[in-house]
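We use all heavy atoms of the structure for the numbers below, so side chains are in, but hydrogens, waters and symmetry mates are not.
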Amino acid sequence: YPLTDTLFVNDALQHLEAEENEVVKGLDGFAVYDGSRWTGSLTGFVPGEGYMYYAQSAKSFLYPDDVETTVLVSQVSPQWSYNAHEYADNMTIVARLYVREQLAEAGRYVVGAFAGSICRGIAVEQDGYFFLAIHGEQPGEWIGLKAFDRQTGEEYIVQERMEFSDLLKGSCLSPVDLHIEASTGFGDIQSGWLLYPNPVHDRLYIRSETGENAEIHIANTNGQVCIVSEANATVEGIDVSALPAGLYLLTLDNGTETVTYKFVKR
């Protein structure tokens, strides 16, 4: 970007005949052209910074010389942090967030991307869309997502996972749908195990932040073991549909430690 002034993307590219779903991407943000304007986590161009433009056809344009300087304010997440400079590439996602099939309340949630316990990016919400740049360098690496509720201070597990690539996933016309349960998944996130949803109807999901395996025992409150299984951080989950409604204890044993959690089967 050759100008000496910082400009909003829509101002800087006002003389460009952009096509729908074209993308301009910086180190830690991107914007998508929705047919009438640019929208996304990249709000402006900064002098001396480099940007990549993903065009659908050959283009040229002139920067404006009659737009006032813009002051950009970065968005900070109080609970997560990451360093975009540590990674060689990033993937971009345009998404909407749902809580039990209802569109999430605007401005209430922060969405973050994680490889294990390491944060790889934090989404910027704009007009009900979440624009998320996920940093990494290994194609095929699995990325988990979390949502933070600004009102309650609670952290939730997003059911969907992403395979890292350099492609744009979703658009303003067809965003990626992300889902969380209205109540948190059970399990201590700091222990390295993520378990959800709770209460559960038919399938219980277990994810290891470190990728380790564990033997799983599910027992009722009388101590009777109902299910024995093994989890290896896949998205297959455990079928608990045959269990009667009630309270159950799930025990995870990875060979070095044993942890037990409670969950409700509906």
Check your understanding: Just by distance, do the side chain of Asn222 and the backbone of Gln224 share a donor-acceptor pair under 3.5 Å?
Key -> no
Point to revise | Hydrophobic cluster identity match, Val259 and Ile216, side-chain contacts under 4.5 Å | key: yes
Exercise for review: Start with the C-alpha gap between Met162 and Leu178, add the side-chain angles, then the distance that decides, and say whether side-chain contact (heavy atoms from CB on, under 4.5 Å) holds.
Suggested key: CA-CA 11 Å; Met162 300 291 173; Leu178 304 178; 3.8 Å; yes
Point to revise | Any side-chain heavy-atom pair of Ile134 and Glu141 under 4.5 Å | key: no
Check your understanding: Got a second to check how far His217's NE2 is from Thr258's OG1, nearest 0.5 Å?
Key -> 9.5 Å
Exercise for review: Kindly give the heavy-atom pair with the smallest separation between Ile180 and Ile157, and that separation in Å.
Suggested key: CG2-O, 3.5 Å
Exercise for review: Locate the shortest heavy-atom distance separating Ala133 from Gly29; write the atom from each residue and the value.
Suggested key: CB-N, 4.4 Å
Point to revise | Gln151 atom CD, neighbour heavy-atom count above 12 within 6.0 Å | key: yes
Review point. Are Leu204 and Leu249 linked, directly or through other ILVMFWY residues, by side chains that come within less than 4.5 angstrom of each other?
Key: no
Practice item. Test Trp142 against Glu163 for side-chain contact (heavy atoms from CB on, under 4.5 Å), laying out the working first. Key: CA-CA 5 Å; Trp142 283 101; Glu163 186 175 1; 4.1 Å; yes
Review point. Hey, are the side chains of Gln56 and Asn21 touching, using non-hydrogen atoms and a 4.5 Å cut-off?
Key: yes
Review point. So is Lys59 actually on top of Tyr53's ring, under 6.0 Å and inside 45° of the axis?
Key: no
Review point. So Phe45 and Tyr1, would you call those rings parallel, tilted or perpendicular, with 30° and 60° as cut-offs?
Key: tilted
Exercise for review: Indicate whether any N or O donor in one side chain lies under 3.5 Å from an N or O acceptor in the other, for Asp28 and His135.
Suggested key: yes
Point to revise | Salt-bridge criterion met for Asp149 and Arg108 (N-O under 4.0 Å) | key: yes
Exercise for review: Report the distance from atom CG of Asn10 to atom CG of Leu7, rounding to the nearest 0.5 Å.
Suggested key: 11.5 Å
Check your understanding: Hey, are the side chains of Arg150 and Tyr109 touching, using non-hydrogen atoms and a 4.5 Å cut-off?
Key -> no
Point to revise | Heavy-atom closest pair, residues Tyr205 and Arg203 | key: OH-CD, 3.5 Å
Exercise for review: Provide the closest heavy-atom pair for Glu125 versus Ala106 in the form atom of the first, atom of the second, distance.
Suggested key: OE2-CA, 3.5 Å
**Study point:** Distance (rounded to the nearest 0.5 Å) between Leu252 CG and Ser229 OG
**Key:** 10.5 Å
Exercise for review: With rounding to the nearest 0.5 Å, note down the distance linking CD in Gln14 to CZ in Arg37.
Suggested key: 15.5 Å
Exercise for review: Indicate if Trp38 and Tyr63 have the same hydrophobic cluster label, given that clusters are the connected sets of ILVMFWY residues with side-chain heavy-atom separations under 4.5 angstrom.
Suggested key: yes
Practice item. Indicate, with yes or no, if Ile227 and Tyr261 share a hydrophobic cluster defined by side-chain heavy-atom contacts under 4.5 Å among Ile, Leu, Val, Met, Phe, Trp and Tyr. Key: yes
Point to revise | Approximate separation, where rounding is to 0.5 Å, of Ile238 CD1 and Asp202 CG | key: 13.0 Å
Check your understanding: Do the side-chain N and O atoms of Asn90 and Thr92 include a donor-acceptor pair separated by under 3.5 angstrom?
Key -> no
Review point. Under 4.0 Å between a Lys/Arg side-chain N and an Asp/Glu carboxylate O for Glu160 and Lys169?
Key: no
**Study point:** Non-hydrogen side-chain atoms of Leu243 and Ile218 separated by less than 4.5 Å
**Key:** yes
Exercise for review: Decide yes or no for Lys25 and Leu42: does some side-chain heavy atom of the first lie under 4.5 Å from some side-chain heavy atom of the second?
Suggested key: no
Practice item. For His85, look at atom NE2 and say whether over 12 heavy atoms of other residues, nucleotides or ligands are found less than 6.0 Å away. Key: no
**Study point:** Side-chain touch Val110/Trp80, heavy atoms, less than 4.5 angstrom
**Key:** yes
Practice item. Please name the pair of heavy atoms, one in Ile122 and one in Cys119, separated by the smallest distance, quoted to 0.1 Å. Key: CG1-SG, 4.0 Å
Review point. Do the side chains of Val240 and Leu247 join up, straight or via other hydrophobic residues, at under 4.5 Å, putting them in one cluster?
Key: no
Practice item. Quick one: name the residues clustered hydrophobically with Val23, using the 4.5 Å side-chain heavy-atom rule over I, L, V, M, F, W, Y, and just say none if it's on its own. Key: Phe30, Val32, Met52, Tyr54, Val94, Tyr129, Phe131, Leu168
Practice item. Please report the shortest heavy-atom distance between Glu20 and Leu173, naming the atom on each side. Key: OE2-CD1, 2.6 Å
Check your understanding: In Å, rounded to the nearest 0.5 Å, how long is the span from CZ of Phe164 to CE of Met91?
Key -> 7.0 Å
Review point. Would you say the side chain of Gln126 lies within less than 4.5 Å of the side chain of Ser41, judging by non-hydrogen atoms?
Key: no
Study note, to complete from the structure: The residue among Gln138, Arg120, Glu137 that forms side-chain hydrogen bond (donor to acceptor under 3.5 Å, both in side chains) with Tyr87 is Arg120
Review point. Can you say whether the rings of Tyr248 and Phe263 are parallel (under 30°), tilted (30 to 60°) or perpendicular (over 60°)?
Key: parallel
Check your understanding: Only one of Leu145, Ile143, Val176 forms a side chain to side chain contact (heavy atoms under 4.5 Å, CB included) with Ile93, so which one is it?
Key -> Val176
Review point. Quick one: does Pro47's side chain get under 4.5 Å of Leu3's, heavy atoms only?
Key: no
